[in-house]
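The model shown is predicted, which means the values in this text are computed figures rather than measured ones. Each chain gets a letter, A, B and so on, in the order the sequences are listed, and its residues count up from 1.
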Number of protein chains: 2
Amino acid sequence: MVRINDNYLKLKAGYLFPEIARRVNAFAEANPDAQIIKLGIGDVTEPLPEACRTAMVDAINDMGDRASFKGYGPEQGYPWLREKIAAHDFQGRGCEVDASEIFISDGSKCDTGNILDIFGKDNKIAVTDPVYPVYVDTNVMAGHTGPANDKGEYEGLVYLPISADNHFTAQIPSEKVDLIYLCFPNNPTGATATKEHLKAWVDYARTNGSIILFDAAYEAFITDSSLPHSIYEIEGARDCAIEFRSFSKNAGFTGTRCALTVVPKTLTAKAADGSEVELWKLWNRRQSTKFNGVSYIVQRGAEAVYSDRGQEQVKALVGFYLENAAIIREKLTAAGLTVYGGVNAPYVWVKTPNGLSSWDFFDKLLQNCHVVGTPGSGFGAAGEGYFRISAFNSRANVEEAMKRITATFNG
Amino acid sequence: MVRINDNYLKLKAGYLFPEIARRVNAFAEANPDAQIIKLGIGDVTEPLPEACRTAMVDAINDMGDRASFKGYGPEQGYPWLREKIAAHDFQGRGCEVDASEIFISDGSKCDTGNILDIFGKDNKIAVTDPVYPVYVDTNVMAGHTGPANDKGEYEGLVYLPISADNHFTAQIPSEKVDLIYLCFPNNPTGATATKEHLKAWVDYARTNGSIILFDAAYEAFITDSSLPHSIYEIEGARDCAIEFRSFSKNAGFTGTRCALTVVPKTLTAKAADGSEVELWKLWNRRQSTKFNGVSYIVQRGAEAVYSDRGQEQVKALVGFYLENAAIIREKLTAAGLTVYGGVNAPYVWVKTPNGLSSWDFFDKLLQNCHVVGTPGSGFGAAGEGYFRISAFNSRANVEEAMKRITATFNG
């Protein structure tokens with residue numbers, strides 16, 4: 001009989017967000033009149049920028065004429081999109097990234113999972129704790145871990161705790177690890193990394209022959225001009241880092257789907273025979289064989305982000321969510337809660353009051369305020385006692401949610 | 001130092017289509033005036049149906065209003081699309097497939113590769129020869145094979161030869177295999193399977209505890225009413241088959257990207273402890289963790305395929321390519337060539353004349369006729385001496401290509 005991939009059975013029941021959905025649905029069924037406000041999952045709510053919509057309608061028109069119709073595109077993405085990304089997001093910030101090193105995809109979730117395809121089974125993997133669960137779960141599924149313990153920590157993974165005690169920046173490990181996932185601005189804590197902090201990681205990676213998997217999905221929320229947007233702003237990162245980016249959070253593409261991954265041609269890893277192999281070649285082969293490129297229509301929408309009008313509209317969109325974050329920070333602080341993040345990031349990371357567990361605080365907010373957030377413990381054992389509030393919602397919903405929380409916690 | 005996935009190094013240099021592109025580009029550079037007609041890669045050329053385009057423009061308008069804006073959709077696809085597919089493509093043909101068993105994706109290439117994620121490493125894998133290269137290459141990348149021999153056959157895979165001798169239907173293997181890839185109407189040979197042939201496979205799979213990975217990407221080209229469109233038309237298939245389908249070839253979505261995979265909830269495989277695990281649960285977990293769903297806009301386009309107007313337009317599109325196939329069959333036969341397929345399929349499978357190898361025939365067609373096809377040997381060792389001509393092109397190009405071939409081979 002056919003055998004399954006037994007590693008799937010090691011996964012803890014329920015990915016975080018389905019479990020939240022389950023509790024919210026149960027509450028909504030029992031309380032049909034409750035006006036629930038969702039500040040949980042990091043999903044955008046505001047309309048897609050007009051520049052992107054106009055470009056996509058034009059692209060659909062292209063599809064209606066055999067002279068401009070587009071069939072299979074390059075698996076790596078269209079050159080006109082890759083070139084604009086290279087020029088604007090990287091070269092414009094002094095990063096040496098060529099268009100050919102950029103791979104367009106349908107999502108950073110896919111890419112951060114799929115990237116493991118090109119790596120061997122015996123690499124030592126490090127993640128921060130708390131962490132975006134996809135990094136962990138995809139390693140479990142790929143067989144890179146043993147089973148989970150009672151705290152939900154998987155055997156074989158190296159967890160780097162981040163908390164208020166270390167200002168939410170992980171300490172460089174003393175042991176040697178091969179692959180390190182870093183996410184700045186951070187999901188879930190909203191923390192940012194200085195150039196000095198990233199340089200310490202790059203130096204560590206180069207010394208130890210490690211590779212940093214750098215998730216920059218939230219870089220558009222950086223307003224502090226001293227903070228790096230890309231790991232390639234750090235000298236030497238081309239030799240030790242892969243970077244993931246997305247149009248989800250800057251241009252509101254969570255339901256439209258477009259992202260990108262940068263694999264520098266200078267990045268290598270070791271084969272069984274000891275030779276060094278270019279990872280660009282492996283990722284290119286992986287994408288050519290297992291992927292057929294992103295919809296032409298969607299790529300045209302992403303390209304419009306780089307037009308003058310697109311840039312203006314994306315800035316307005318990001319600014320809007322950052323104002324939400326500022327309101328959340330202010331109101332929660334006034335309600336006596338301790339908050340982190342939410343300045344150069346769309347996430348506010350709240351210390352749960354009175355020693356409540358993350359899930360207890362979740363239930364309390366849901367039941368008393370009809371507000372949904374994300375329990376910090378869902379992101380890892382060290383997230384226990386914290387809670388993530390997302391700034392992705394309408395102004396009216398954010399203000400109403402804060403009013404309810406203030407009434408509950410000041411009451 | 002970080003270790004790579006060494007299985008990638010077993011892959012034979014260059015996936016088939018990049019090698020074709022290389023030769024065509026070299027020829028085009030040396031002969032800048034040549035009007036090259038491409039009947040190689042199976043890519044559509046005619047405009048996207050108006051019903052799909054209209055629905056996608058409407059969807060973009062939805063994205064422009066916060067009341068109808070769509071963020072993250074269900075990773076499995078929107079219920080309104082899954083339900084229409086279930087009703088029209090399956091239940092309408094007497095297949096017991098529920099909407100919840102349908103997973104919307106961005107391509108069958110992705111799905112046929114990614115499906116291996118949920119299976120163990122020690123399954124015995126069978127493919128036909130010739131075969132769609134993605135089935136083989138993704139197994140190599142996943143470490144399910146040894147190295148390739150001189151003929152390009154990978155150690156550990158079971159190859160089931162298909163040729164004119166067995167009417168392009170593989171013999172049911174005498175040995176026990178676990179996973180079997182079947183594709184009908186077949187890419188590359190254009191052969192079809194009768195219900196009796198599929199029943200023999202289903203019976204074999206049920207007897208041996210095997211699973212059939214059934215690729216029905218070309219089912220829309222079936223005009224013979226006695227032929228099954230889905231493996232689920234065969235009794236018992238729900239217990240032994242996963243089916244892949246695509247909007248690429250029926251509705252011209254190769255550049256728009258939408259496909260689907262059916263995993264029946266009755267389908268199980270064995271865990272290490274001997275228990276039987278529902279594959280639906282594993283695939284659902286895989287997709288929830290490593291995928292974020294298909295663009296809302298594209299799913300609305302796919303939904304429009306099932307409207308009355310959409311059905312009419314898709315039928316016209318498929319009919320157009322089938323007429324191309326009929327012209328190719330007729331002209332090549334008149335030129336003295338022996339041809340197969342091209343009746344219920346968009347591919348014509350040509351026996352190379354005068355004992356020419358597949359690549360020699362490729363070069364001859366390119367140099368003498370400026371026509372690009374696909375060498376049969378690129379699909380596997382048993383494809384040697386055959387050649388695939390695709391019906392996906394404009395009428396004018398098909399007629400011009402056939403004129404040139406006729407002149408060369410009758411000359």
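- Each of B/Asn208, B/Asp62, B/Thr256 has some count of heavy-atom pairs under 4.5 Å with chain A, and the biggest count is that of B/Thr256.
- For a residue to count as touching a neighbouring chain, one of its non-hydrogen atoms must lie under 4.5 Å from one of that chain's; by this rule B/Thr268 touches chain A with backbone and side chain alike.
- With a 4.5 Å cut-off on side-chain heavy atoms, A/Leu11 and B/Arg285 count as touching.
- Heavy-atom pairs under 4.5 Å with chain B were tallied for A/Leu9, A/Asp117, A/Ile297, A/Val57; the largest tally goes to A/Asp117.
- Ranked by heavy-atom pairs under 4.5 Å with chain A, the list B/Ser248, B/Gly301, B/Gly64, B/Gly73 is led by B/Gly64.
- For B/Asp111, no part sits under 4.5 Å from any heavy atom of chain A, backbone or side chain.
- Looking at heavy atoms from C-beta onward, A/Ile60 lies in side-chain contact with B/Ile60 at the 4.5 angstrom threshold.
- Contact count versus chain B (heavy atoms, under 4.5 Å) is highest, among A/Lys281, A/Lys121, A/Lys176, A/Arg257, for A/Arg257.
- Most heavy-atom pairs under 4.5 Å with chain B, from the set A/Ile4, A/Asn123, A/Leu48, A/Val177: that is A/Ile4.
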- Item | side chain to side chain contact (heavy atoms under 4.5 Å, CB included) between A/Asp122 and B/Arg3, worked out | CA-CA 7 Å; A/Asp122 299 322; B/Arg3 285 285 301 272; 5.7 Å; no
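- Side-chain contact between A/Tyr8 and B/Leu282 is present, with heavy atoms from C-beta onward closer than 4.5 Å.
- Most heavy-atom pairs under 4.5 Å with chain A: of the set B/Gly255, B/Cys258, B/Gly252, this distinction falls to B/Gly255.
- Interface check for chain A: of the options B/Ser210, B/Gly293, B/Ser394, B/Gly107, the most heavy-atom pairs under 4.5 Å are formed by B/Ser394.
- With a 4.5 angstrom heavy-atom cutoff, A/Asn114 touches chain B via backbone and side-chain atoms both.
- Under the 3.5 Å distance criterion, the side-chain polar atoms of B/Asp6 are matched with a main-chain donor or acceptor of A/Ala272.
- For the pair A/Lys290/B/Cys110, no side-chain contact is recorded, criterion being any heavy-atom separation below 4.5 Å from C-beta on.
- For chain B, the option among A/Glu276, A/Gln299, A/Lys124 with the highest count of heavy-atom pairs below 4.5 Å is A/Glu276.
- Here the CG-OG1 distance, from B/Asp137 to A/Thr289, works out to 5.5 Å after rounding to the nearest 0.5 Å.
- Put simply, the side chain of A/Lys270 never gets that close to the backbone of B/Val2: no donor and acceptor are under 3.5 Å apart.
- The most heavy-atom pairs under 4.5 Å with chain B, out of A/Phe253, A/Phe119, A/Tyr72, A/Tyr296, come from A/Tyr72.
- Across A/Gly113, A/Ala269, A/Ser108, A/Ala59, the residue that shares the most heavy-atom pairs under 4.5 angstrom with chain B is A/Ala269.
- Counting heavy atoms from C-beta outward, B/Asp106 and A/Asn292 have side chains that stay 4.5 Å or more apart.
- Side-chain contact between A/Met63 and B/Pro47: absent, with no pair of heavy atoms (C-beta onward) separated by less than 4.5 Å.
- Highest contact tally toward chain A, considering only B/Asn61, B/Ile211, B/Ile41, is held by B/Ile211 [criterion: heavy-atom pairs under 4.5 Å].
- For B/Thr112, no part lies near chain A; criterion is any non-hydrogen pair under 4.5 Å.
- Proximity to chain A (any heavy atom under 4.5 Å) is restricted, for B/Asp65, to the backbone atoms N, CA, C and O.
- Interface residue B/Met141: only side-chain heavy atoms are found under 4.5 Å from chain A.
- Heavy atoms closer than 4.5 Å to chain B are found in the side chain of A/Val298, but not in its backbone.
- Heavy-atom contacts from other residues, nucleotides or ligands closer than 6.0 Å to NZ of A/Lys38 number 12 or fewer.
- Contact annotation for B/Leu116: neither backbone nor side-chain heavy atoms come within less than 4.5 Å of a heavy atom of chain A.
- Between chain A and the residues B/Thr45, B/Asn7, B/Val44, B/Val277, the largest count of heavy-atom pairs under 4.5 Å involves B/Thr45.
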